[in-house]
Amino acid sequence: MYHAEYDALFNVDDLSVKDSQRVIYMLLRRRMDNKTCIVGEKHAINYQYLIEHSEYKPLPGSKDSARRFSKDQVKRLLASLVSRGWITPLHDTNKVKSRMIFLMDLAQAEKNRLCEERHLSATRTPPQKKPLKAPSESGVNKLATPVERHKGSATHLNNLNKYIYNAREVLLTQEFVNIAHLVGYHHDHESLKTELEIFLAHKNNRHKTQPINDWAMDWRAWCAMAKKYQRGLNENSHSQKRDERDRISRQLEDPEYAFRNF
């Protein structure tokens, strides 16, 4: 919204401007063509559009009253905008089924003023020189895709840490496989890939954006917890079964041991 529009809509000294007029104007402004400042030519508008989008339904338990304009109320509001000089109808108002087209006068006036200021600024002062491009870093491809960044020649985590990654860009590289194996979480590549997808889809990670080193630290903690609560339980259960078999076999071989312990 331009300055002239804002000053006209939200002028604190003009108490005659109603909120309903502001709502209808903003709905028209939303469909305005920025090049021509005309609304209704490219994107058609009608009374149903203005009625539905200006409707207000309060939340349950609220003391505010609901609001829904009728067609006659919208007509009167449009006429008030025309009388204020905010809009100008370009369609035939005498026809009942004529397509509504309006010129947004406030927007056009402000746009013309800005164009004049740009023209005068170009004639008063010499044009500025084209800024010099910053020297590009050697060996770093700033425009590389996430897959290219992972599969490039410099794939070490320290080299990739200059980029910011979201959850959809993190891939199972050899660095991540090594991290899982270092904490004792030994699985094949497909199982680790599935585990990484579960890790990235977690509610704490799905909307996170951070350098790759931070992702690696979170992945290390995740694999450590997975080893503790998944693979570790399986090892404990196997050891318990092995101890039970040894205890029973010793009972059969040594009757005195069975008498002392049972």
Side-chain angles (χ1 to χ4, degrees), residues 1-131 164 166 203-204 206-210:
M1 180 181 290
Y2 298 132
H3 294 289
E5 294 177 288
Y6 185 87
D7 293 340
L9 267 68
F10 301 99
N11 186 5
V12 294
D13 297 329
D14 188 1
L15 301 179
S16 62
V17 180
K18 301 178 181 179
D19 291 337
S20 56
Q21 293 174 328
R22 297 189 184 100
V23 171
I24 297 299
Y25 182 87
M26 295 303 296
L27 290 175
L28 295 176
R29 185 67 163 77
R30 181 184 178 188
R31 293 291 183 90
M32 184 189 75
D33 184 5
N34 293 325
K35 294 182 179 179
T36 61
C37 296
I38 294 176
V39 59
E41 191 173 35
K42 285 188 176 182
H43 304 284
I45 57 172
N46 50 36
Y47 292 111
Q48 190 65 25
Y49 161 75
L50 297 175
I51 292 172
E52 290 181 355
H53 287 77
S54 61
E55 183 180 5
Y56 172 70
K57 294 181 179 180
L59 296 175
S62 175
K63 296 182 180 180
D64 297 337
S65 58
R67 180 192 65 196
R68 182 178 176 88
F69 296 135
S70 63
K71 186 176 180 180
D72 292 335
Q73 286 176 319
V74 173
K75 287 182 179 180
R76 289 194 293 269
L77 289 172
L78 291 174
S80 66
L81 297 183
V82 173
S83 63
R84 285 183 174 275
W86 293 359
I87 62 175
T88 300
L90 301 181
H91 59 282
D92 189 357
T93 56
N94 295 325
K95 293 183 180 180
V96 179
K97 294 185 178 181
S98 178
R99 180 175 178 176
M100 291 192 298
I101 301 176
F102 296 99
L103 173 65
M104 311 295 288
D105 294 322
L106 296 178
Q108 186 189 38
E110 185 73 8
K111 186 177 180 181
N112 293 334
R113 185 185 68 82
L114 293 176
C115 291
E116 291 176 0
E117 289 182 355
R118 285 195 296 267
H119 174 70
L120 293 175
S121 64
T123 56
R124 289 173 183 171
T125 58
Q128 297 180 355
K129 295 182 179 180
K130 188 175 181 180
I164 300 297
N166 56 38
K203 62 180 181 179
N204 294 335
R206 66 184 67 167
H207 302 300
K208 188 183 294 184
T209 56
Q210 60 184 5

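No hydrogens, no waters, no symmetry mates; every other heavy atom, side chains included, goes into these values. Worth saying up front: this structure is predicted, and the values here are computed from it rather than measured.
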Is the shortest side-chain heavy-atom distance between [X] and [Y] below 4.5 Å?
X	Y	result
Val74	Ile51	yes
Arg30	Tyr49	yes
Glu5	Trp86	no
Met26	Leu9	yes

> Sub-3.5 Å donor-acceptor pair from the side chain of Arg31 to the main-chain atoms of Ala44, do we have one?
Replying inline: yes
> Would you say Arg99's side chain and His91's backbone share a donor-acceptor pair under 3.5 angstrom?
Replying inline: no
>> Using the side chain to side chain donor-acceptor pair (under 3.5 Å) criterion, which residues pair with Ser54? Sequence neighbours excluded.
In response: none
Measuring from [X]:[atom1] to [Y]:[atom2], what's the distance to the nearest 0.5 Å?
X	Y	atom1	atom2	value
Leu90	Phe102	CG	CZ	8.5 Å
Thr88	Met104	OG1	CE	10.0 Å
Lys71	Gln73	NZ	CD	13.5 Å
Phe69	Lys75	CZ	NZ	16.0 Å
Leu50	Leu77	CG	CG	9.5 Å
Ile45	Leu78	CD1	CG	7.5 Å

>> Restricting to non-hydrogen atoms, name the atom on Ile101 and the atom on Gly40 that form the minimum distance, rounded to 0.1 Å.
In response: CG1-O, 3.8 Å
> Between Ala107 and Met32, what is the shortest heavy-atom contact and its length?
Replying inline: CB-SD, 3.8 Å
> Looking at residues at least two apart in the chain, or sitting in another chain, which of them share a salt bridge (charged side-chain N to carboxylate O under 4.0 Å, His left out) with Asp7?
Replying inline: none
Distance-only check: which donor-acceptor pairs under 3.5 Å involve side-chain atoms of residues 57-64, not counting sequence neighbours?
unit_1: Ser62; atom_1: OG; unit_2: Asp64; atom_2: N; d: 3.2
unit_1: Asp64; atom_1: OD2; unit_2: Tyr56; atom_2: OH; d: 3.4

> Does Arg84 come within less than 4.0 Å of Asp14, counting only side-chain N to carboxylate O?
Replying inline: yes
> Is the number of heavy atoms from other residues, nucleotides or ligands within 6.0 Å of OH (Tyr6) greater than 12?
Replying inline: no
